[in-house]
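The structure under discussion appears below in the form of structure tokens.
Residue numbers run from 1 in the order of the sequence given.
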Amino acid sequence: MEKVAFIINPFSAKKNYQPFLNELKNKVGNPLYYVSESIPGTDEFIKTHFDEVDIFVAIGGDGTISTVAKNLISTDKILAIFPAGSGNGFSNETRFSKNLDELLEKIKAKQSRKIDTFTVNDRLSINVSGTGFDGKVVKEFEKTSRGFKNYIKVSLKTFFNYRPIKVTFFDEEYKQYNGRYLMLNVANTRQFGNNAYIAPKASKSDGLVDMVLVKKFPLTYSALFAFRMFTKRLKDDEYVTYLPVSEISFKVNTKNWHLDGEFNKIESPVHVKVQPASLNILV
């Protein structure tokens with residue numbers, strides 16, 4: 001395990017990372033690990049050990065994974081994951097489980113493949129990012145103790161008072177989609193997390209992202225929308241539109257975004273661009 005490094009977000013998994021660390025030390029012996037104090041701290045740890053490590057393991061949620069991944073883009077280094085977040089969308093989509101023995105077997109086999117990532121105004125995203133309703137939800141969700149129940153509570157509270165965002169595309173072929181939306185999502189994989197499939201046909205290895213435009217729908221539609229999302233049955237209808245793109249520019253009248261579930265302020269104009277086969281991931 002001298003060519004593997006484990007990066008732990010101590011704030012994930014309800015701030016209870018010690019059982020994982022104890023199990024890791026018991027099964028690996030003397031692992032190289034870092035309990036992250038900050039994003040710059042994680043960046044510095046990876047930089048320090050970059051030449052000696054082949055596989056970097058992110059222990060946390062999508063935000064933690066994205067922080068580690070940005071240091072590995074367009075290199076031969078391999079990203080691995082032990083999911084410990086509130087949604088675990090990316091780890092679900094890349095088939096990582098909360099089973100350390102299974103992860104160690106994967107590490108031993110050292111099989112990997114390249115997948116796509118994308119940027120939003122040059123900020124990396126590996127899973128799903130968006131603005132509008134879900135950007136506001138993430139902002140309010142970060143004020144809670146997290147967890148799926150709190151996410152639902154915040155979502156319901158936000159929905160009733162949320163005013164749709166205005167989206168304006170610059171490219172002629174997309175101007176027909178200019179208008180007001182409940183939310184706009186950019187999906188490299190199929191789900192937000194917790195098996196909520198916002199883009200059930202998205203692929204992380206086709207050189208495209210799915211731009212998902214959702215118009216505000218009446219309360220009577222919300223149960224059907226949720227059912228379709230959790231059963232991979234969302235599709236183009238009067239409220240949902242999918243635009244597969246490799247690159248696109250637009251402006252939107254809000255700065256509230258989430259990138260892989262982490263709140264960000266992003267100014268318009270917004271430029272989204274896919275980085276094909278840019279991240280090497282353990283399989």
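Shown here are the salt bridge (Lys or Arg N to Asp or Glu O under 4.0 Å) partners of E238, two or more places apart in sequence or in another chain: there are none. Scored by the ring pair (Phe, Tyr, Trp, His ring centres under 6.0 Å) test, Y174 finds no partners at all (sequence neighbours excluded).
The shortest distance between side-chain heavy atoms of V68 and I46 falls below 4.5 Å. Side-chain contact between V186 and V128 is absent, with no heavy-atom pair separated by less than 4.5 Å. Considering only heavy atoms from C-beta on, V212 stays 4.5 Å or farther from M183 through its side chain. Side-chain contact between L279 and K70: absent, with no pair of heavy atoms (C-beta onward) separated by less than 4.5 Å. For the pair K235/V240, no side-chain contact is recorded, criterion being any heavy-atom separation below 4.5 Å from C-beta on.
Distance alone, capped at 3.5 Å, places no donor-acceptor pair between the N26 side chain and the N22 backbone. When atom types are taken as modelled, the side chain of N99 and the backbone of D101 share a donor-acceptor pair closer than 3.5 angstrom. In this structure, S222 contributes its side chain and P218 its backbone to no donor-acceptor pair below 3.5 Å. Listed for the N178 side chain is a donor-acceptor partner under 3.5 Å among the backbone atoms of F169. Of the possible polar contacts, one joining the T131 side chain to the N256 backbone as a donor-acceptor pair under 3.5 Å is found. The closest donor-acceptor contact from the side chain of Y162 to the backbone of G132 lies under 3.5 Å. N121 places a side-chain N or O within 3.5 Å of a backbone atom of H271 that can act as its donor or acceptor partner. The main-chain N or O of F50 is found under 3.5 Å from a side-chain atom of K77 such that the two form a donor-acceptor pair. N127 places a side-chain N or O within 3.5 Å of a backbone atom of Q191 that can act as its donor or acceptor partner.
Of the options L282, V57, I281, a side-chain contact (heavy atoms from CB on, under 4.5 Å) to I81 is made by I281 and by none of the others. Each of T119, D260, D62, N188 was compared with S125 under the side-chain hydrogen bond (donor to acceptor under 3.5 Å, both in side chains) criterion, and only D260 meets it. Here the options are F56, F6, Y33, F20, the test is ring pair (Phe, Tyr, Trp, His ring centres under 6.0 Å), and the partner is F82; only F20 passes.
Salt bridge annotation for K175-E172: present, with a cationic side-chain nitrogen under 4.0 angstrom from a carboxylate oxygen. No salt bridge links D210 with R190; every basic N to acidic carboxylate O contact stays at or beyond 4.0 Å.
Counting only N and O atoms by type, the side chains of D237 and Y221 include a donor and acceptor under 3.5 Å apart. Inspection of the R113 and N280 side chains reveals no N or O donor paired with an N or O acceptor under 3.5 Å. Inspection of the S74 and S278 side chains reveals no N or O donor paired with an N or O acceptor under 3.5 Å. For the residue pair S36 and T42, a side-chain donor N or O sits within less than 3.5 Å of a side-chain acceptor on the partner.
Because its NZ or CZ atom is not both nearer than 6.0 Å to the ring centre of F118 and within 45° of the ring axis, K273 does not count as a cation-pi partner of that residue. By the 6.0 Å and 45° rule, K106 stacks over the aromatic ring of F96.
The CH2 atom of W257 lies 10.0 Å from the CG atom of N264; values are rounded to the nearest 0.5 Å. For the atom pair OG1 (T254) and CD (E267), the distance works out to 10.5 Å, reported to the nearest 0.5 Å.
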Donor-acceptor pairs under 3.5 angstrom involving side-chain atoms of residues 194-209: please list them, not counting sequence neighbours.
from, atom 1, to, atom 2, distance (Å)
N194, ND2, S86, O, 3.4
S203, OG, S205, N, 3.2
K204, NZ, E93, O, 3.1
D206, OD1, L208, N, 3.0

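Heavy-atom neighbours of K265 NZ from other residues, nucleotides or ligands within 6.0 Å: above the threshold of 12. With a 6.0 Å radius and a threshold of 12 heavy atoms from other residues, nucleotides or ligands, Q176 has its CD atom above the threshold. By the neighbour-count criterion of 12 heavy atoms within 6.0 Å, atom NZ of K27 is densely surrounded, having more than that number from other residues, nucleotides or ligands. Annotation: D122, atom CG; neighbour count of heavy atoms from other residues, nucleotides and ligands within 6.0 Å does not exceed 12. Other residues, nucleotides and ligands contribute at most 12 non-hydrogen atoms within 6.0 Å of the CD1 atom of I39.
Aromatic rings from F217 and F225 are positioned such that their centres are separated by under 6.0 Å.
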